[in-house]
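Note: hydrogens, waters and symmetry copies are ignored here, and every other heavy atom, side chains too, is used. Here the structure is a predicted model, which means the values were calculated and not measured.
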Amino acid sequence: MKYVTLKNGVKMPIVGLGTFKAENGDEAYEATLEALKAGYRHIDTAQGYQNEESIGQAIIDSKIDRKDIFITTKLYPAKLGYNSAIRNLKESLKRLKTDYVDLYLIHWPSPNYNLNLETWQAFVKLYNDGLVKAIGVSNFEIHHLEHLINSIDVIPMVNQVELHPYLNQRNLENYLKKHDIVLESYGPFAKGLVFEDENLKKIALKYNKSVANIIVRYGIERNVVMIPKSVTKNRIIDNFKVFDFSLNEEEIKLIDKLNLGKRVYTDPNNCPFVKGDEE
């Protein structure tokens with residue numbers, strides 16, 4: 001396993017299991033358990049996914065020491081605000097059956113910058129109180145971050161965004177590097193579009209790997225945290241087979257050239273979370 005080190009020294013596994021749309025109950029439970037058996041030590045969930053209970057139980061049943069598993073959860077978009085952020089984190093902890101989470105994210109930015117700031121102040125309190133090991137944001141564009149950073153002392157440690165070959169987020173990546181914020185990718189397979197790409201198929205053939213492996217490795221080469229989601233055992237196992245090869249600079253540039261600025265999930269500036277088609 002490879003790790004990225006957050007600015008506060010916390011080590012975050014660079015590959016994790018995404019659990020968006022994994023239903024609470026057997027589906028989320030089994031996916032989490034299979035991932036942990038396969039070697040994953042990073043599980044990404046959210047209050048909005050409504051599967052924290054099953055994930056928490058799977059982590060307990062895995063018999064792996066809690067300290068060895070990195071758990072991310074996120075604050076539901078409609079729950080922003082100081083008191084709400086604190087209350088909802090404590091509710092997430094109960095569902096996850098743990099005393100702390102390793103990373104707590106504001107799931108979506110509000111167009112109300114002051115509400116983002118108020119929520120962030122609650123995150124800082126939770127961090128200082130030891131209920132979370134690290135704090136960050138998700139789906140934040142540069143303008144959201146600019147307002148936040150200009151008003152706070154504790155800067156987000158992670159920004160989780162849609163990132164895949166057709167939306168490579170290089171501009172955002174450069175901005176985050178200046179502030180020592182780790183970039184994390186959700187939706188790395190662009191809802192399956194990457195699997196039909198002939199350029200990616202050729203690279204996969206060269207290494208005797210799947211296209212999924214190439215995409216995850218592409219993120220690793222950039223030091224981007226990757227959380228491919230799946231509830232299928234074979235795919236969960238395959239998505240983790242990425243630590244025995246490397247892509248060269250030419251291949252990374254080739255994948256970069258696939259960028260179209262194309263989103264397959266919701267625009268962060270217009271979060272209709274209730275529609276159920278966003279990360």
Would you say [X] and [Y] make side-chain contact, with heavy atoms under 4.5 Å?
| X | Y | answer |
| --- | --- | --- |
| Phe240 | Val15 | yes |
| Met12 | Val158 | yes |
| Lys233 | Ile237 | yes |
| Ile106 | Leu80 | yes |
| Val216 | Pro188 | no |
| Glu184 | Val161 | no |
| Asn239 | Leu17 | no |
| Asn88 | Tyr76 | no |

Within a reach of under 6.0 Å around [atom1] of [X], are more than 12 heavy atoms found that belong to other residues, nucleotides or ligands?
| X | atom1 | value |
| --- | --- | --- |
| Gln50 | CD | no |
| Asn150 | CG | yes |
| Asp99 | CG | no |
| Lys209 | NZ | yes |
| Lys79 | NZ | no |
| Asn248 | CG | yes |
| Asn208 | CG | no |

Could you tell me which residues satisfy salt bridge (Lys or Arg N to Asp or Glu O under 4.0 Å) with [X], sequence neighbours excluded, listed by chain and number?
| X | result |
| --- | --- |
| Lys253 | Glu249 |
| Asp61 | none |
| Arg235 | none |
| Glu141 | Arg263 |

To the nearest 0.5 Å, what is the distance between [atom1] ([X]) and [atom2] ([Y])?
| X | Y | atom1 | atom2 | result |
| --- | --- | --- | --- | --- |
| Leu176 | Ile142 | CG | CD1 | 7.5 Å |
| Ile203 | Glu198 | CD1 | CD | 12.0 Å |
| Lys206 | Ile214 | NZ | CD1 | 9.0 Å |

Members sharing Leu33's hydrophobic cluster (side chains within less than 4.5 Å): Tyr29
Any idea which heavy atoms bring [X] and [Y] closest together, and the distance?
| X | Y | result |
| --- | --- | --- |
| Ile155 | Ile181 | CG2-CD1, 3.8 Å |
| Thr98 | Val101 | CG2-CG1, 4.5 Å |
| Ala46 | Asn51 | O-OD1, 4.4 Å |
| Ser110 | Leu115 | OG-CD2, 3.9 Å |
| Ala31 | Ser230 | CB-O, 3.9 Å |
| Ala28 | Ser54 | CB-CB, 4.0 Å |

Co-membership, hydrophobic cluster, residues [X] and [Y], 4.5 Å side-chain:
| X | Y | answer |
| --- | --- | --- |
| Phe243 | Ile215 | yes |
| Leu167 | Phe20 | no |
| Ile60 | Ile69 | no |
| Val4 | Met157 | yes |

Assess, by modelled atom type and distance only, whether the side chains of Ser138 and Lys74 contain a donor and an acceptor separated by less than 3.5 Å.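 Side-chain D/A pair, Ser138 to Lys74: absent.
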Looking only at side chains, do Asn139 and His144 share a donor and an acceptor under 3.5 Å apart?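 Asn139 vs His144: no donor-acceptor pair found between side chains.
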Donor-acceptor pairs under 3.5 Å, side chain of residues 217-228 to any protein atom, not counting sequence neighbours: which ones?
{"residue": "Arg217", "atom": "NE", "partner": "Glu221", "partner atom": "OE2", "Å": "3.0"}
{"residue": "Arg217", "atom": "NE", "partner": "Phe245", "partner atom": "O", "Å": "3.2"}
{"residue": "Arg217", "atom": "NH1", "partner": "Val242", "partner atom": "O", "Å": "2.7"}
{"residue": "Arg217", "atom": "NH1", "partner": "Phe245", "partner atom": "O", "Å": "3.2"}
{"residue": "Tyr218", "atom": "OH", "partner": "Arg222", "partner atom": "NH1", "Å": "3.0"}
{"residue": "Tyr218", "atom": "OH", "partner": "Asp256", "partner atom": "OD1", "Å": "2.4"}
{"residue": "Glu221", "atom": "OE2", "partner": "Leu247", "partner atom": "N", "Å": "2.8"}
{"residue": "Arg222", "atom": "NH1", "partner": "Asn168", "partner atom": "O", "Å": "3.1"}
{"residue": "Arg222", "atom": "NH2", "partner": "Asn168", "partner atom": "O", "Å": "2.7"}
{"residue": "Arg222", "atom": "NH2", "partner": "Glu173", "partner atom": "OE1", "Å": "3.1"}

Could I get the full list of ring pair (Phe, Tyr, Trp, His ring centres under 6.0 Å) partners for Tyr82, not counting sequence neighbours? none
Can you name the residues that form a ring pair (Phe, Tyr, Trp, His ring centres under 6.0 Å) with His179, not counting sequence neighbours?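 For His179 the ring pair (Phe, Tyr, Trp, His ring centres under 6.0 Å) partners, ignoring immediate neighbours, are Tyr175.
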Aromatic plane relationship, [Y] with [X] - under 30° parallel, 30 to 60° tilted, over 60° perpendicular:
| X | Y | answer |
| --- | --- | --- |
| Tyr186 | Tyr265 | perpendicular |
| His107 | Tyr49 | perpendicular |
| Phe195 | Phe189 | tilted |

Using the side-chain hydrogen bond (donor to acceptor under 3.5 Å, both in side chains) criterion, which residues pair with His164? Sequence neighbours excluded.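 By the side-chain hydrogen bond (donor to acceptor under 3.5 Å, both in side chains) rule, His164 matches Glu162.
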Set of residues satisfying side-chain hydrogen bond (donor to acceptor under 3.5 Å, both in side chains) with respect to Asp197, sequence neighbours excluded: Tyr166, Asn199
Applying the ring-ring contact (aromatic ring centres under 6.0 Å, His included) criterion to His147, which one of Trp120, Phe140, Tyr113 satisfies it? Tyr113
Sequence neighbours excluded - salt bridge (Lys or Arg N to Asp or Glu O under 4.0 Å) pairs with any residue from residues 83-96: Glu52-Arg95
Pairs involving residues 103-128, ordered by first then second residue, that meet salt bridge (Lys or Arg N to Asp or Glu O under 4.0 Å) (sequence neighbours left out):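 Sorted pair list: Lys125-Asp129.
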Measure from the side-chain N and O atoms of [X] to the backbone N and O of [Y], and report whether any donor-acceptor pair falls under 3.5 Å.
| X | Y | value |
| --- | --- | --- |
| His42 | Pro13 | yes |
| Asp65 | Lys67 | no |
| Ser185 | Leu163 | yes |
| Asp102 | Ile71 | yes |
| Lys191 | Val264 | yes |

Trace of the side chain to side chain donor-acceptor pair (under 3.5 Å) decision for Ser210 with Asn213: CA-CA 5 Å; Ser210 65; Asn213 294 155; 3.1 Å; yes
